[in-house]
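Following: one structure in structure tokens, then a few remarks.
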Amino acid sequence: MERVLALVLLGPFVFFTTVTSQEDNVCFRPVLTANIETDGLQRFFNPGAELILSCKQGYTPVFGPRKIVCAASGEWTKTKLMCKPKRCPYPEPLSNGETYYEEIVFQSVINHTCDEGYIMTGSSTAVCLANGTWSSPEPECKPVSCGLAPIPQFGMIIYDKRIRGNATDYGLRVTYKCLPPHVIIGNARAMCTLNGSWTKTPECRVVTCPAPENIDRGYMSSNEQRDYDYQETVKYGCDGDYVLEGSLQIVCQQNGNWSEKPSCKAPCRVGIQRGRILYKGKQIWIEDLQPDRVLHKDIVSVYCMEKAKECGYAVPTQCMDGELKIPECFEQPSNYVYTFNSSSLPSEIAHC
Ligand SMILES: *[C@@H]1O[C@H](CO)[C@@H](O)[C@H](O)[C@H]1NC(C)=O
Ligand SMILES: *[C@@H]1O[C@H](CO)[C@@H](O)[C@H](O)[C@H]1NC(C)=O
Ligand SMILES: *[C@@H]1O[C@H](CO)[C@@H](O)[C@H](O)[C@H]1NC(C)=O
Ligand SMILES: *[C@@H]1O[C@H](CO)[C@@H](O)[C@H](O)[C@H]1NC(C)=O
Ligand SMILES: *[C@@H]1O[C@H](CO)[C@@H](O)[C@H](O)[C@H]1NC(C)=O
Ligand SMILES: *[C@@H]1O[C@H](CO)[C@@H](O)[C@H](O)[C@H]1NC(C)=O
């Protein structure tokens with residue numbers, strides 16, 4: 001029955017719908033482009049009906065009639081009404097900063113940034129509103145100033161540069177010191193940063209370490225059961241033939257822990273019954289080593305036989321915390337050979 005003709009016009013014009021019917025023509029509700037609106041709500045309009053078009057919020061009419069009429073043919077009269085987005089004023093150039101934008105019309109966004117060393121007061125971004133004003137006023141870029149640096153309790157501060165009043169520019173550095181016996185915890189240097197705040201202020205604290213513990217087979221220079229101050233030291237020694245490995249003394253550190261303790265390392269027995277060894281540059285028959293004991297890290301050589309060439313050679317081995325490995329090439333002579341033919345031992349014959 002009904003033939004619907006939808007004519008689509010390009011650009012911001014009105015789409016309109018035509019209804020043709022044999023007997024009585026009515027107009028359908030017009031289809032409008034995005035930026036145009038009307039207050040007529042019904043679906044059909046009788047010929048002669050008028051509609052007032054208007055621009056949506058944020059848009060301004062530019063030209064063309066704002067009224068359309070439903071003609072007897074069932075068509076709306078044509079309109080060339082055009083609605084353009086509202087413009088916001090051009091942003092003023094920002095001193096010590098930059099403003100970025102592509103357009104300055106309704107819903108456009110502008111961004112502001114400050115140059116390095118300047119801090120923004122105000123909003124960094126603004127939107128062009130429906131009434132043609134920016135959503136926030138332009139910000140200001142002010143030179144970064146951190147104010148005076150905070151001073152920790154029991155601490156003092158030294159500025160790298162002389163300051164006037166409370167003007168502390170971006171990049172200014174300070175050094176912190178603590179009044180003894182307080183110790184600085186954290187970074188002794190601080191800086192006025194880009195965002196106008198100082199980097200972390202250190203703390204001044206009294207640091208103590210708990211009474212140190214003794215080491216096995218050793219003794220300490222102090223047995224006092226008390227807290228020890230920062231940088232206090234305690235010395236260690238080892239009993240008898242035990243040898244101290246590590247640092248002779250420990251120190252109470254900033255973190256309240258002692259530095260690493262040394263340890264006492266055991267001496268070794270040279271585990272051969274018969275033979276001659278080379279120890280501290282001297283050849284010694286094993287029974288003459290009294291007592292049979294070499295110290296941790298000492299080097300002892302035993303003699304092995306080069307069978308093909310019938311010569312002897314010394315092979316070194318080291319005492320490691322009570323353990324001295326005898327080289328595999330060492331052959332312990334029989335009691336007989338050792339007693340009656342010792343001149344045939346590898347330590348006594350020609351050396352290779
Ligand atoms: C403004 O900043 C926003 C968010 O960072 C970004 O999406 C937009 O592209 C920027 N606009 C301009 C014109 O730089
Ligand atoms: C524009 O609109 C905004 C938000 O709706 C309002 O705060 C502002 O006062 C208006 N400005 C003018 C000049 O009407
Ligand atoms: C510096 O001092 C002035 C006046 O003595 C004061 O108004 C200002 O807020 C201070 N600025 C800072 C960053 O502390
Ligand atoms: C300032 O910047 C530093 C790092 O540069 C950051 O750790 C700190 O949280 C910032 N402070 C503020 C108030 O933004
Ligand atoms: C101090 O020593 C304890 C035990 O060795 C360890 O758990 C702790 O992490 C140390 N503290 C610091 C700050 O290094
Ligand atoms: C001593 O040993 C050498 C070599 O093994 C051998 O030639 C010699 O006969 C031995 N002498 C005695 C008295 O056993």
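Side chains are part of it too, since the values below use all heavy atoms of this structure and drop only hydrogens, waters and symmetry mates. Model, not experiment: these values are computed from the prediction. Just so you know, ligand 1 is whichever comes first in the structure, and atom 1 is the first atom listed for that ligand.
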Aromatic contact, Trp285 with Tyr338 (centres under 6.0 Å): yes
Ser136 backbone acceptor or donor facing Ser123 side chain under 3.5 Å: no
Interfacing atoms of ligand 5 (cut-off 4.0 Å, heavy-atom, Asn257): 1 (C), 2 (O), 3 (C), 8 (C), 10 (C), 11 (N), 12 (C), 14 (O)
Enumerated ligand 6 atoms positioned under 4.0 Å from heavy atoms of Ser344: 2 (O)
Near-ring test His351/Tyr303, centroid separation under 6.0 angstrom: yes
Exercise check, heavy-atom protein proximity under 4.0 Å to atom 11 (N) of ligand 6: yes
Whether Phe28 and Phe44 hold their rings parallel, tilted or perpendicular, with breakpoints at 30° and 60°: tilted
Test item: protein heavy atom less than 4.0 Å from atom 2 (O) of ligand 6: yes
For atom 4 (C) of ligand 2, the protein heavy atom that lies nearest, with its residue and separation: Leu129 CD1, 3.9 Å
Closest approach of any protein heavy atom to atom 9 (O) of ligand 6, naming residue and atom: Asn341 ND2, 4.7 Å
Protein heavy-atom partner closest to atom 6 (C) of ligand 2 - residue, atom, separation in Å: Asn131 ND2, 4.1 Å
Nearest protein heavy atom with distance in Å, relative to atom 14 (O) of ligand 5: Asn255 ND2, 3.1 Å
Test item: side-chain donor near acceptor, Tyr279 and Asp298, under 3.5 Å: yes
Thr175 side chain to Tyr159 side chain, donor-acceptor N/O pair below 3.5 angstrom: no
Pairing of Lys56 and Glu37 as salt bridge, 4.0 angstrom limit: no
Shortest protein heavy-atom distance from atom 13 (C) of ligand 2, along with the residue and atom involved: Thr133 CG2, 3.9 Å
